[in-house]
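We use all heavy atoms of the structure for the numbers below, so side chains are in, but hydrogens, waters and symmetry mates are not. First the proteins, then the strands, lettered A, B, ... as listed; each starts at 1. Worth saying up front: this structure is predicted, and the values here are computed from it rather than measured.
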Protein chains: 2
Amino acid sequence: MNKRSGIETKKRILEASMDVFSRKGYAAANIREIAKTAQISIGTIYIYFKNKEELYQNLIENKKKELTDRIVAMSPGKKSASEALKEFIRVHLEYAVRHREFILLHIREHGFSFGIEKKRAFFNQQIEIIERIIKNGIKSGEFRKSNSVDVARIIMATLRGIILTIALDNVNIKPEALSDFILCALLKKEYGKK
Amino acid sequence: MNKRSGIETKKRILEASMDVFSRKGYAAANIREIAKTAQISIGTIYIYFKNKEELYQNLIENKKKELTDRIVAMSPGKKSASEALKEFIRVHLEYAVRHREFILLHIREHGFSFGIEKKRAFFNQQIEIIERIIKNGIKSGEFRKSNSVDVARIIMATLRGIILTIALDNVNIKPEALSDFILCALLKKEYGKK
DNA sequence: GGTTCATATGAACAAGCGTTCAGGTATAGA
DNA sequence: TCTATACCTGAACGCTTGTTCATATGAACC
């Protein structure tokens, strides 16, 4: 009934979609509920998005950009390997806390017919970043020698698990607690507890 | 057409269900496809299971029992804390490799209206087991002092992440590599690489 | 007022879903 | 051969779904 700007309406739809998709998953989510949540009619959704799949894709793409932008923004700088790893972990965990809904949706639809390859590529990209940090740390004598590929894989999987736990159980794990734990395993000399 | 024993048919249905449910998720899975996969007719499924939900529940309950039985079977014995932790990790990872489909389904339907509480209880139970191992390790002087609750949480989350990675990407992470990494962070003295 | 344009509506449609049930078929014992 | 029993079938039903489209509304111009 009320007239709104197109931009405002599109935003409403995307917000409602995130709510419904993340609670129910792609298949169980339905357009009627999204419309109701956004307080618009069914038909309006189809003005802004071709169909359910395109709406979903749009949602995913929007949110993922936020994260990748933030990670790219991490200054490689002249930090120590420990500090670089700490920052990497902090950025990921902060994002997870702030975007629980998206994480839930992402995990749930891991095997969604479209976009699996993109997800895998993103994941491998993150592993490479960690690996580079570890290699630097070993070269500078900061970290003990190890198979940097294996260790990077384990660290990324660890991060994944923590993020999963944050999203599912809504618990608050301090980034420092995780960094400390991981650094204990990496550093050459005894790692001092704070 | 062919006559089969009821037990054989029920088994067929459960196997086909695992296949379809884990590939598509609960909502997108449909009875017709399960029936086709099991090479039986639609109606037959309803002879053995009241409805789709009961079929799903049955599947979950069956598979979960296998894992809990195996964990309970772990002898608490007189092992060192390191060995106990290694065994704990090994049992979980071996299960994950052997039952990828179930893990995928489990993750996907984490927030399924029924059974969330049971899942959370199982998870907390596992954390308690780890915590006990860590406490023993600290008491015996094997592990350095730490907040055993926090560390147990992190280790469980790590395990979760590794299991997720195994299930999603079908990569093979050696239990020893993970144990080594975690023990590095726990042990008092320098942990020797093999 | 009249016209145009972007925006919004929800009944209607076809397709797919879970579920039922009246009936069919093979086996075993009489 | 007949009967009883266990097992199986798939068309049919009612409901929900994604999607369409003829129609309506309000604002901005002349």
Mind listing the side-chain donor-acceptor pairs of residues 156-167 of chain A below 3.5 Å, one per line with the distance, residues two or more places apart or on another chain?
{"unit_1": "A:Thr158", "atom_1": "OG1", "unit_2": "A:Ile154", "atom_2": "O", "d": "2.7"}
{"unit_1": "A:Arg160", "atom_1": "NH1", "unit_2": "B:Thr165", "atom_2": "OG1", "d": "3.1"}
{"unit_1": "A:Thr165", "atom_1": "OG1", "unit_2": "A:Gly161", "atom_2": "O", "d": "2.9"}
{"unit_1": "A:Thr165", "atom_1": "OG1", "unit_2": "B:Arg160", "atom_2": "NH1", "d": "3.1"}

What's [X] touching, base or sugar-phosphate or nothing? Going by heavy atoms closer than 4.0 Å.
X	value
B:Ala35	nothing
A:Ala28	nothing
B:Tyr48	sugar-phosphate

### Summary
residues 43-52 of chain B vs side-chain hydrogen bond (donor to acceptor under 3.5 Å, both in side chains), sequence neighbours excluded, gives B:Ser41-B:Thr44

#### Entry: B:Ser5 vs D:dC7: side-chain N/O to OP1/OP2 distance below 4.0 Å
no

Let me know the distance between [atom1] of [X] and [atom2] of [N], rounded to the nearest Å.
X	N	atom1	atom2	answer
A:Ile47	D:dT23	CD1	P	17 Å
A:Lys36	C:dA8	NZ	P	20 Å
A:Ile40	C:dT7	CD1	P	13 Å
B:Gln39	D:dC7	CD	C1'	17 Å

[X]: partners by side-chain hydrogen bond (donor to acceptor under 3.5 Å, both in side chains), with sequence neighbours left out:
X	value
A:Asn147	A:Asp150
B:Glu128	none
B:Arg153	none
B:His92	B:Gln126

### Message
Heavy atoms within less than 4.0 Å of DNA chain D: which residues of residues 11-20 of chain A have one? Give them sorted by number.
### Response
none

### Query
With sequence neighbours left out, what residues match A:Phe143 under ring pair (Phe, Tyr, Trp, His ring centres under 6.0 Å)?
none

Scan nucleotides 19-23 of chain C against the protein and return all N/O pairs shorter than 3.5 Å with their distances rounded to 0.1 Å.
{"unit_1": "C:dT19", "atom_1": "OP2", "unit_2": "B:Tyr46", "atom_2": "OH", "d": "2.7"}
{"unit_1": "C:dT19", "atom_1": "OP2", "unit_2": "B:Lys52", "atom_2": "N", "d": "2.8"}
{"unit_1": "C:dT19", "atom_1": "O5'", "unit_2": "B:Tyr46", "atom_2": "OH", "d": "3.4"}

